[in-house]
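Take a look at the structure below.
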Amino acid sequence: MRPSLQRYRNILDFALSSLLRRKGRNLALISVYTLVVFVIASLVFFVQALKREAHELLAQAPDMVVQRMVAGRHDPVPLAQVEAIRSIRGVDEVQARLWGYYYDPVFGGNLTVLATEDAALAPDAIWIGQGVARSMRVKEGDLIPLRGYDGQSTLFSIQKVLPESSELVSSDLVLMAPKDVRALFHFPEGLATDLAIQAGNPRELPTIAAKIVELFPDSRPILKSEILRTYEAVFDWRGGLMVVVLGSAVLSFIIFAWDKATGLSAEERKEIGVLKSLGWESSDVLLLKFWEGTVISVTAFLTGVLLAYAHVFFFSASLFEHALKGWSVLFPRFRLIPALDGYQLTVLFFLTVLPYTAATLVPSWRAATVDPDAAMRS
Amino acid sequence: MRKSTLCLAVTGALSALFLAMLIHARAQERTAASRRQPSAELVKQLGLTDLCLFTEARYTRHPAMADRHAAFQDHPMALDHFPSGALLAPPAFPSPHAPLPPAVPEHP
């Protein structure tokens, strides 16, 4: 082995012996450090994967949704508007969507009831999402009663439970024929919840939206880009989930690094004094402290990131479940597809490893530059 | 065995696992399109606009369809009382009467 390499290994050996002398303290340090990296990395992985899913899945969403507003609230849209909107140049298709919410008093969950004209749907039958089947403890072929507007219950047979792989978009869905939706909610004929519009050229959407508002001033067009932007905003680092978890994790890391940076223990100062009196250069002491910091921070970083990856992509981010669940009774279970970003991993590395290493080097440098005699006496 | 040898072996093993993680993620991304297929088909067929993440309130179930004052929808001073409201910011797009983005000329 080359002498310079041998020197590094000797210092590393000494650094490890030094760490093992304060085994309990350093193990606690690595555990806290790993936990902080784990929380931050879990959040970054989770949010990034959800963002990617939202982007990929909602790319199939309607180009525009038109709602009608009455007194600042959504109101059903007259079907007469369908033809008027279809005649606008650039509009390919207008689909009247009929949907609403159903609160189930038995299990206390909110369902999204949506009309579908799929020919495969049998009369008086419904298709339900996995979340609904799980919460109601029902399966294909079972009958479930839904309480209508008049208090009368109607029995629907479950023809199909939507695939598990679609749970991220369909967990709380109940699909039924349009006539059943109208009967259940006493939804008047000639009205729809909103209109979904497909346009041939997405660049024409702002013009189409402007024409719709001109034709129907009480309408509110929502473009697909706005839908996508909503999900970008929800999972943005500046707001919501990110701030709640990231804030506490970063704060705890700052306290932790600050504690390190404020100085060495008397024992450590004495040790540096002894080393210097034995002939160690200041650069050797710094190298020793650098190795100590690197061993701790690299181990914590790699362990934290690996645990976070397993947590998010193998255990469906189960620790975040309670934060996401809120008061909802019906909660989707989904396995996210990894969407790792080299940039984010690099930022994570520089945010966690570098400040810690720097925080250990600064007090060591201060101690290494004082007179060894003074250091041993202090 | 020297302590440094053990330390380098552990770091090497963790680095190998880290590399395996990157390879696993890349492999998963390759099959992502087929795994998303059932969801993407449902979104297209039913014209869905939102992910089913928070089902506790209307504006958290369909944030893209909610209006700006969603958290105060019951009355003007009604504060948001659902925990998801703390995680989910209201939509940032303009109100129905705000000016629309500049129109792009239609193709002839």
Side-chain angles (χ1 to χ4, degrees), chain A residues 9 12-13 16-17 54 56-58 60-62 65 69 89-90 95 97 101 109-110 112 114 116 163 165-166 168-172 196 201 203-204 206-207 209-210 213 220 222 226-227 229-230 233-234 239-241 244 295 298 302-303 305-306 309 323-324 326-328 330 332 337-338 340, chain B residues 2-4 7 10-11 14-15 17-18 21-22 24-26 28-29 32 35-36 38-58 60-65 67 69 73 82-84 86-89 91-93 95-96 100-107:
Chain A
R9 282 201 64 179
L12 177 60
D13 273 328
L16 290 167
S17 302
E56 296 292 328
L57 295 176
L58 298 178
Q60 306 295 326
V65 173
M69 304 296 283
R89 234 164 81 184
Q95 188 194 356
R97 297 197 314 159
Y101 299 101
N110 286 314
T112 301
L114 180 67
T116 176
S165 50
S166 72
L168 193 53
V169 293
S170 70
S171 189
D172 71 335
N201 181 0
R203 292 181 64 203
E204 286 177 358
T207 315
V213 174
R220 175 197 183 206
I222 302 167
E226 291 171 336
I227 294 174
R229 219 161 52 223
T230 300
V234 168
L241 186 67
V244 174
V295 166
V298 169
L302 290 173
T303 316
V305 168
L306 287 167
Y309 188 82
L324 287 173
W327 288 352
S328 26
L330 197 152
I337 300 169
L340 293 196
Chain B
R2 284 177 70 168
K3 287 187 185 99
S4 58
C7 173
V10 170
T11 312
L14 285 174
S15 305
L17 278 173
F18 187 80
M21 177 192 89
L22 296 178
H24 179 262
R26 183 54 64 89
Q28 293 279 302
E29 274 182 62
R35 283 173 63 187
R36 283 193 195 107
S39 301
E41 266 175 24
L42 265 183
V43 171
K44 191 169 185 159
Q45 186 192 340
L46 301 170
L48 302 179
T49 54
D50 286 271
L51 298 186
C52 178
L53 291 174
F54 313 100
T55 59
E56 58 190 341
R58 294 193 297 272
T60 57
R61 171 62 182 92
H62 292 101
M65 296 291 105
D67 41 82
H69 49 271
Q73 58 188 316
F82 287 104
S84 304
L87 308 173
L88 188 78
F93 44 83
S95 70
L100 283 162
V104 178
E106 280 188 63
H107 290 287

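Lettering of chains follows the sequences in order, A, B, ..., and the numbering in each one begins at 1. Keep in mind that this is a model prediction, so the values were computed, not measured.
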Where Val305(A) and Phe18(B) come nearest, the two heavy atoms and their spacing
CG1-CE1, 3.6 Å
Which heavy atom of Ser166(A) sits nearest a heavy atom of Pro38(B), and at what distance?
CB-C, 4.1 Å
So which of Leu340(A), Asp172(A), Leu330(A), Thr112(A) has the largest heavy-atom pair count under 4.5 angstrom toward chain B?
Asp172(A)
Keeping Ser165(A) on the side-chain end and Ser39(B) on the backbone end, is there a donor-acceptor pair under 3.5 Å?
no
Spacing of Leu17(B) atom CG and Leu302(A) atom CG [to the nearest 0.5 Å]
9.0 Å
With side chains defined as the heavy atoms from C-beta onward, is the minimum distance between Asn110(A) and Arg61(B) less than 4.5 Å?
no
Honestly, the part of Ala196(A) sitting under 4.5 Å from a heavy atom of chain B is neither
Within this structure, what is the CD-CD distance for the pair Gln45(B) and Gln95(A), rounded to the nearest 0.5 Å?
9.5 Å
If you tally heavy-atom pairs under 4.5 Å against chain A, which of Leu22(B), Val10(B), Leu14(B) wins?
Leu14(B)
Tell me, side chain or backbone of Leu168(A) under 4.5 Å from chain B's heavy atoms, or both, or neither?
both
Mind ranking Arg36(B), Arg35(B), Lys44(B) by heavy-atom pairs under 4.5 Å with chain A and telling me who comes out on top?
Arg36(B)
For a 4.5 angstrom cut-off between non-hydrogen side-chain atoms, does Ile222(A) reach Thr49(B)?
no
Looking only at heavy atoms and a cut-off of under 4.5 Å, which of Thr303(A), Val65(A), Val295(A) has the most pairs with chain B?
Val65(A)
For the residue pair Ser4(B) and Arg9(A), what are the closest heavy atoms and their distance?
OG-NH2, 2.9 Å
What are the two closest non-hydrogen atoms of Lys3(B) and Ser17(A), and how far apart are they?
NZ-OG, 3.3 Å
Find the distance between NE2 (His62(B)) and CD1 (Ile227(A)) and round it off to the nearest 0.5 Å.
10.5 Å
So CG of Leu58(A) and CG of Leu48(B): to nearest 0.5 Å the spacing works out to 8.5 Å
Where on Leu42(B) is there a heavy atom nearer than 4.5 Å to chain A: the side chain, the backbone, both, or neither?
side chain
Aromatic plane relationship, His24(B) with Tyr309(A) - under 30° parallel, 30 to 60° tilted, over 60° perpendicular:
perpendicular
Can you name the closest pair of heavy atoms from Ile337(A) and Gln28(B) and give their distance?
CG2-O, 3.8 Å
Heavy-atom pairs under 4.5 Å with chain A: which of Thr11(B), Leu51(B), Leu53(B) has the most?
Leu51(B)
Could you report the tightest heavy-atom contact between Leu57(A) and Val43(B), atom names first, then the distance?
O-CG1, 3.5 Å
